[in-house]
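If you read the sequence from its start, that first residue is 1, and numbering goes on from there.
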Amino acid sequence: MERICHFHQLNKSYAVNGIEQAIFQNLDLKLSLNGITVLLGKSGCGKTTLLRLMAGLEKPNSGEIFYLQQEKKYQPKIGMVFQENRLFPWLSVEKNILISQSEQQTPTVQELMQLVGLDFAYAQSMPQQLSGGMAQRVAIARALAYQPDLLLMDEPFAALDYFTRITLQEQLLKIEQQTGTAIVFVTHNLDEALAIADRIFILQKGQQPVFF
């Protein structure tokens, strides 16, 4: 089943000190929503902006973004994981995961924690009791609890140490294989992109992305 996110003649800019700074100009891009697509580039090239446009968190100045499934427009369920875990500090791990669901959900919290490689013994722990890697696993489980068709991830491992980052990259590959959820992953780390990507788009500010 072919699924695509199409950016059509898209323009996006921000006002900086009263001067418009263009991020994308007449961007025409089709992202395949199967497997793991990586958006790779230097800081400031527009990776996060592109992801936020996909999520509907920002709007283009002009042009449009639409999703196609077998050449027909549709609106996927979208989950998002940010660079910061953004867990609610007053809620337990279990309640953070259940924030958009119920205790009767399928998959269960235990299954979701197992999927992201986190022991169920931590279900009643508070976010401040977790390591950075554990907290980010909870954030991923929370996004997966929504059962999204598309998971957007904005440099989710950037703040983690090398060994934790490698472990979570491996876990992400397992998640994609087990759930079939399409993933679009932003990074500026070439090694990370090569480790997880089915396809890579290299972004450079003001230019059309290069695919390989």
Side-chain angles (χ1 to χ4, degrees), residues 5 14 23 36-41 43-59 65 75-103 105 107-176 179 181-189 192-193 196:
C5 178
Y14 295 105
I23 305 299
I36 301 177
T37 300
V38 169
L39 305 178
L40 175 68
S43 296
C45 70
K47 304 184 302 296
T48 294
T49 298
L50 200 67
L51 210 66
R52 291 176 64 85
L53 288 164
M54 291 181 70
L57 298 177
E58 294 194 28
K59 300 296 182 184
I65 306 163
Q75 182 56 52
K77 289 178 66 177
I78 298 175
M80 192 158 184
V81 179
F82 299 90
Q83 185 170 340
E84 311 84 13
N85 62 69
R86 302 197 181 186
L87 300 180
F88 295 102
W90 58 88
L91 296 179
S92 67
V93 165
E94 180 178 34
K95 289 183 178 178
N96 264 287
I97 294 173
L98 287 171
I99 196 68
S100 65
Q101 302 293 321
S102 68
E103 294 182 6
Q105 74 169 46
T108 65
V109 170
Q110 185 169 3
E111 289 169 334
L112 287 164
M113 291 181 68
Q114 182 178 9
L115 183 61
V116 299
L118 187 59
D119 196 308
F120 187 61
Y122 290 100
Q124 301 308 316
S125 298
M126 303 303 286
Q128 59 267 31
Q129 297 174 305
L130 306 177
S131 68
M134 292 166 69
Q136 203 63 309
R137 290 175 194 266
V138 177
I140 296 170
R142 179 177 60 187
L144 291 172
Y146 182 57
Q147 297 186 8
D149 304 308
L150 173 62
L151 182 61
L152 306 177
M153 307 186 77
D154 187 11
E155 300 199 62
F157 309 148
L160 304 177
D161 66 81
Y162 173 81
F163 296 104
T164 302
R165 190 165 65 246
I166 295 299
T167 300
L168 284 174
Q169 289 169 7
E170 294 171 351
Q171 197 71 44
L172 186 64
L173 292 172
K174 293 178 182 178
I175 289 169
E176 190 279 322
T179 67
T181 303
I183 297 170
V184 177
F185 188 103
V186 162
T187 184
H188 61 265
N189 186 308
E192 182 167 66
I196 66 173

Exercise for the section: Could you tell me whether Lys95 sits above the aromatic face of Phe88, with NZ or CZ closer than 6.0 angstrom to the six-membered ring centre and within 45 degrees of the axis? Expected result: no

Do [X] and [Y] come close enough that some side-chain heavy atom pair is under 4.5 Å?
{"X": "Val116", "Y": "Ile175", "value": "yes"}
{"X": "Asp154", "Y": "Arg52", "value": "no"}
{"X": "Val93", "Y": "Met126", "value": "no"}
{"X": "Val186", "Y": "Gln83", "value": "no"}
{"X": "Met54", "Y": "Val184", "value": "yes"}

Problem - Gln114 CD: over 12 foreign heavy atoms closer than 6.0 Å - result: no

Handout entry: Over 12 foreign heavy atoms within 6.0 Å of NZ, Lys174
Key = no

Practice task
Evaluate side-chain contact (heavy atoms from CB on, under 4.5 Å) for Gln129 paired with Met134, printing each intermediate quantity in order.
Solution key: CA-CA 9 Å; Gln129 297 174 305; Met134 292 166 69; over 6 Å; no

Is it true that a side-chain atom of [X] and a backbone atom of [Y] form a donor plus acceptor pair closer than 3.5 Å?
{"X": "Asn96", "Y": "Leu91", "result": "yes"}
{"X": "Lys47", "Y": "Leu39", "result": "no"}
{"X": "Asp149", "Y": "Lys77", "result": "yes"}
{"X": "Arg137", "Y": "Leu118", "result": "no"}

Specify the closest pair of heavy atoms between [X] and [Y], including all atoms of both residues, with the distance to one decimal.
{"X": "Leu168", "Y": "Gly133", "result": "CD1-O, 4.1 Å"}
{"X": "Thr187", "Y": "Glu192", "result": "OG1-OE1, 2.7 Å"}
{"X": "Met153", "Y": "Ile183", "result": "SD-CG2, 3.9 Å"}
{"X": "Thr181", "Y": "Pro148", "result": "CG2-O, 3.5 Å"}
{"X": "Leu160", "Y": "Arg165", "result": "O-NH1, 3.1 Å"}
{"X": "Ile78", "Y": "Ala55", "result": "CD1-CA, 4.3 Å"}

Exercise for the section: Apply side-chain contact (heavy atoms from CB on, under 4.5 Å) to the pair Val81 and Leu152, showing each step before the final yes or no. Expected result: CA-CA 6 Å; Val81 179; Leu152 306 177; over 6 Å; no

To the nearest 0.5 Å, what is the distance between [atom1] on [X] and [atom2] on [Y]?
{"X": "Leu130", "Y": "Gln136", "atom1": "CG", "atom2": "CD", "answer": "11.5 Å"}
{"X": "Cys5", "Y": "Leu50", "atom1": "SG", "atom2": "CG", "answer": "7.5 Å"}
{"X": "Gln110", "Y": "Phe120", "atom1": "CD", "atom2": "CZ", "answer": "5.0 Å"}
{"X": "Gln171", "Y": "Ile166", "atom1": "CD", "atom2": "CD1", "answer": "13.5 Å"}
{"X": "Leu115", "Y": "Ile140", "atom1": "CG", "atom2": "CD1", "answer": "9.5 Å"}
{"X": "Phe82", "Y": "Thr48", "atom1": "CZ", "atom2": "OG1", "answer": "10.0 Å"}

Practice task
Kindly determine whether Leu53 and Lys59 satisfy side-chain contact (heavy atoms from CB on, under 4.5 Å), including the steps that lead there.
Solution key: CA-CA 6 Å; Leu53 288 164; Lys59 300 296 182 184; 5.6 Å; no

Practice task
Might you work through the ring-ring contact (aromatic ring centres under 6.0 Å, His included) test for Phe157 and Phe185, ending with a clear yes or no?
Solution key: CA-CA 10 Å; Phe157 309 148; Phe185 188 103; 5.5 Å; yes

Exercise for the section: Apply side-chain contact (heavy atoms from CB on, under 4.5 Å) to Arg142 and Leu87, showing your working. Expected result: CA-CA 9 Å; Arg142 179 177 60 187; Leu87 300 180; 3.9 Å; yes

